[in-house]
Every structure is written in structure tokens, then in C-alpha cells.
Amino acid sequence: MSGPIYDRVALIGLGLIASSMFWAIKRAGVAGEVTGYARSQATRDTARRIGLCDRVCDNAAEAVEGADLVVLCVPVGAMGQVAAEIAPALKPGATLSDVGSVKGAVIAAVQPHLPEDVYFVPAHPLAGTEHSGPESGFAELFDNRWCLVVPVNGTEEAPVAQLRTFWEALGAHVEIMDPDHHDLVLAVTSHTPHLIAYTMVGVADDLRRVTDSEVIKYSAAGFRDFTRIAASDPTMWRDVFLSNKDATLEILGRFTEELFALQRAIRTGDGAHLHDYFTRTRAIRRGIIEAGQDTDAPDFGRAKGRK
Ligand code: NAP
């Protein structure tokens, strides 16, 4: 890398995404200094202990002072309140971005607080794990993943291009998308699948005819991947559903219609329907592998003997 893309970057919220960004920023050498802030003393202490951020600040305003790029890395439902808190301290000409999993609601919550001389360029890296907190991040999280940059109407091109270069330096591929389309795409690819995983794990837990030990013992047959997704952070996901309501309800409506159709096919013994359906869905999996977004190694490439 030829040098810093931003002289100073501030990360507000120091969980999985912010900590991964910090390590990726260091790996790429694309920021002069990275400051960080989290609301709890415990998280700030942990960050200082593990060297997460060049400087950890005890309040958000101090962290963003003089920053050329400020990235909000808090749950979607907290973005508006955090934006209000930092707005007066933002440097004129700075770029404010975020990593929230929903874009329409975040834009609506954040934009009204911002001074006119700050560029607001929302973004969403499509990368994550079921872990959270300051110790869960790693530099490779965004490698070869997509980061969707969602500029608001009228934003100048230069700050958008600069943010794109920054995310590319962190390892991601960048695409520009409008907020409504983003929220619909994510409802299909991430939000509704999470809800289904949460439901399936809940059902297994409720079903007393299958013991807990059986569920755990035989979980490699598909259930294990549901449990991994359903272990995701409850606060983050509560906020995702509450703030991407319309798109999630739209996809859930379609999902339940399809589910009823499959249910009827099973009841009536319509094997052709099931076979055609599964043939179509198998092709989608192949497309994901061909696009380099997953592995076709058996058992998702899990190391032998690893849980
Ligand atoms: P995380 O590991 O749980 O960290 C969240 C951070 O936000 C913590 O530092 C926490 O502070 C802070 N925070 C929580 N509630 C807050 C509030 N009400 N006000 C101020 N700060 C608050 O979360 P994450 O996975 O990094 O997610 C951060 C953002 O990235 C979310 O908007 C999420 O939608 C988005 N995202 C997540 C993923 C994923 O897979 N995890 C992927 C892409 C995007 P304390 O530690 O002090 O409590």
C-alpha cells in the first residue's frame, strides 16, 4: 500500500466489525492514526489491553475530533443517538460512515443530526461471524467479501470514491447500491435466513420428544449450521428486524407461501414438485461457490475433528 487513505480514522463502537477493521487497517497501512471509543469501560479496558486502536478515548466526541473518517460500528438501533452525540465534534469536510446491516433506517436516523459540511457515506461490509466484542475481530474478515457502499442523494463523488478505495484496501470488493435495494437484498440473503435459523433452533429446543443430547450429538446433519447462525448477537439482530421491517416481512410472506407449497407436496406425495424445487435450489449453491463466496469442501471445509 502506498500510504494512508485517511490521516485519522475514528471507530465508534469496538466490537467484531470495528476490531476487524482496525486490524485490517493496520495490515494495509491506510490510516495515520486510528482512535476508538466504546460506551462501556470494560470494552475500553479490553481494547487498551489488546492494543485495539492507536488511542482509545473515554468519550465519543474526543475520539472523532480531527478525524477524516468516522465509522459508526454500533447496533443499528443506536446509530441515531450516537450520531447526535458526535455531530458537534465532527471536523468540517470529514466523512461519516457506518457498517450497519440495514441502510434505510440508519440513514433516516443519522442524517438529520449531521452538519452540512460533513459527507455522509453509509456502507455495509457483508462479512461477519457469530462472535462479538472487541476480542473477536481479525484482519482477514473482509478479504474477498463484498462491501456495499450506499451513498445518500447528492453526496459528492470524491468522498464516495475515497471510501471505496479504503474498503478495497481492507480486502473487500465494493459495489454501490441504493438504500431500498440494499435492504431488500439483505432481507433475502441474510435477515430472513437468520430468522429461520433462530426459529429452527427454538423449535428443537421446544421439542421434548428429541432430547437435548440427541440434538447436539446428531447436529452435523444440518442443524449445526443453524445453531451457529442462531448464536449471533441478540441486540444486533433485534435491531436488524425492527429496522428492516418492510423488506423482511415481504420476504417472510413469500417464504411462508413456498413453505406451505412444499408442505402440501410432502402431504400429497408430490415427489416431482420436491425434486424440481431442490434441483433449482442446488443450482443457487453452485452459483455461490463459483462466485467465490463459499467453499465446496465437504462439511464447509471444517478441519477434521474440529467441532
Ligand atoms: P458487537 O461486536 O456486538 O459490538 C457492538 C459495539 O457497539 C460494542 O462496542 C458496544 O459497546 C457498542 N454498543 C452496543 N449498544 C450500544 C448503544 N446502545 N450505544 C452505543 N454503543 C453501543 O457488534 P458488531 O458485530 O461489531 O456489529 C456492529 C455493527 O455492524 C452493527 O450495526 C451490525 O449491524 C453491523 N454488522 C455486523 C455484522 C456481523 O456479522 N456481526 C456484519 C456486518 C455488519 P460495549 O462493548 O461498550 O457494550
Side-chain angles (χ1 to χ4, degrees), residues 10-24 34-50 52-53 56-61 63-64 70-86 96-107 109-110 113 122-138 140-143 145-150 167 170-172 174 177 179 182-183 185-187 189-191 193-194 197-198 228-244 247-248 293:
L11 302 173
I12 306 300
L14 294 174
L16 167 71
I17 300 297
S19 56
S20 298
M21 285 181 75
F22 175 73
W23 301 120
V34 182
T35 56
Y37 167 77
R39 63 180 174 164
S40 73
Q41 183 70 49
T43 298
R44 297 197 297 271
D45 288 347
T46 303
R48 288 185 178 115
R49 179 172 53 77
I50 64 174
L52 172 61
C53 294
V56 177
C57 302
D58 287 320
N59 68 73
V64 307
V70 175
V71 189
L72 305 181
C73 306
V74 298
V76 167
M79 296 275 185
Q81 179 219 318
V82 173
E85 204 180 318
I86 61 166
L96 177 76
S97 189
D98 76 301
V99 293
S101 306
V102 178
K103 297 277 61 110
V106 168
I107 292 168
V110 169
H113 301 292
H124 178 200
L126 306 189
T129 73
E130 67 279 24
H131 301 296
S132 49
E135 293 182 274
S136 56
F138 52 100
E140 298 78 22
L141 181 65
F142 310 111
D143 285 351
R145 298 289 166 207
W146 285 101
C147 180
L148 301 177
V149 172
V150 183
W167 273 107
L170 268 50
V174 174
M177 206 176 259
H182 168 279
D183 289 353
V185 168
L186 267 292
T189 57
S190 170
H191 304 167
H194 269 81
Y198 280 122
R228 188 185 61 72
I229 295 172
S232 300
D233 185 67
T235 306
M236 169 185 158
W237 285 96
R238 175 202 63 197
D239 285 6
V240 165
F241 292 117
L242 295 182
S243 47
N244 198 17
T248 311
Q293 293 296 306

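One-based numbering, in listed order, for ligands and for the atoms of each.
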Under 4.0 Å from ligand 1, counting heavy atoms only, is it the side chain of Ala127, its backbone, both or neither?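 For Ala127, the contact with ligand 1 is made by the backbone alone.
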Lys103 versus Asp98, closest heavy-atom pair with distance: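 Nearest pair, atom of Lys103 first, then Asp98: NZ-OD2, 2.8 Å.
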Give the residue and atom name of whichever protein heavy atom lies nearest to [atom], and the separation in Å to one decimal.
atom: atom 6 (C) of ligand 1; value: Cys73 O, 3.7 Å
atom: atom 46 (O) of ligand 1; value: Thr43 OG1, 2.5 Å
atom: atom 26 (O) of ligand 1; value: Ile17 N, 2.9 Å
atom: atom 43 (C) of ligand 1; value: Pro125 O, 3.2 Å
atom: atom 31 (C) of ligand 1; value: Val74 O, 3.3 Å
atom: atom 40 (O) of ligand 1; value: Gly128 CA, 3.3 Å
atom: atom 19 (N) of ligand 1; value: Ala78 CB, 3.7 Å
atom: atom 23 (O) of ligand 1; value: Leu16 N, 4.4 Å

With side chains defined as the heavy atoms from C-beta onward, is the minimum distance between [X] and [Y] less than 4.5 Å?
X: Leu141; Y: Thr129; result: yes
X: Val74; Y: Tyr37; result: no
X: Leu126; Y: Leu148; result: yes
X: Met236; Y: Ser132; result: no

Would you mind finding which of Arg39, Met21, His124 brings a heavy atom closest to atom 20 (C) of ligand 1?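 Looking at heavy atoms only, the winner is Arg39.
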Of all the atoms in ligand 1, which lie at a distance below 4.0 Å from a heavy atom belonging to [X]?
X: Ser132; value: 1 (P), 2 (O), 3 (O)
X: Val99; value: 29 (C), 30 (O), 35 (C), 36 (N), 44 (C)
X: Ser40; value: 45 (P), 46 (O), 47 (O)
X: Val76; value: 32 (O), 34 (O)
X: Ser101; value: 33 (C), 34 (O), 35 (C), 36 (N), 37 (C), 44 (C)
X: Gly13; value: 9 (O)
X: Pro75; value: 7 (O), 13 (N), 14 (C), 15 (N), 16 (C), 22 (C), 31 (C), 32 (O)
X: Met79; value: 32 (O)

So for Glu130, does at least one of its heavy atoms come nearer than 4.0 angstrom to any atom of ligand 1?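 Contact absent.
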Hey, is Pro134 one of the residues with a heavy atom under 4.0 angstrom from ligand 1?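 No heavy atom of Pro134 comes that close to ligand 1.
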Leu14 vs Thr46, side chain to side chain contact (heavy atoms under 4.5 Å, CB included): CA-CA, chis, key distance, verdict: CA-CA 10 Å; Leu14 294 174; Thr46 303; over 6 Å; no
Counting distance only, does the side-chain N/O of [X] pair as donor-acceptor with the main-chain N or O of [Y] below 3.5 Å?
X: Ser232; Y: Glu130; result: no
X: Arg48; Y: Val56; result: yes
X: Arg44; Y: Ala38; result: yes
X: Asp183; Y: Asn244; result: no
X: Ser243; Y: Asp239; result: yes

Criterion side chain to side chain contact (heavy atoms under 4.5 Å, CB included) against Ser19, the qualifying member of Thr43, Leu52, Ile50: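 For Ser19, the side chain to side chain contact (heavy atoms under 4.5 Å, CB included) test succeeds with only one of Thr43, Leu52, Ile50, which is Leu52.
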Taking the six-membered ring for Trp, are His194 and Trp237 parallel (under 30°), tilted (30 to 60°) or perpendicular (over 60°)?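 If you compare the ring of His194 with that of Trp237, the planes turn out parallel.
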Ligand 1 to Leu14 polar contact by distance, N or O atoms, under 3.5 Å: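 So ligand 1 has an N or O lying under 3.5 Å from an N or O of Leu14.
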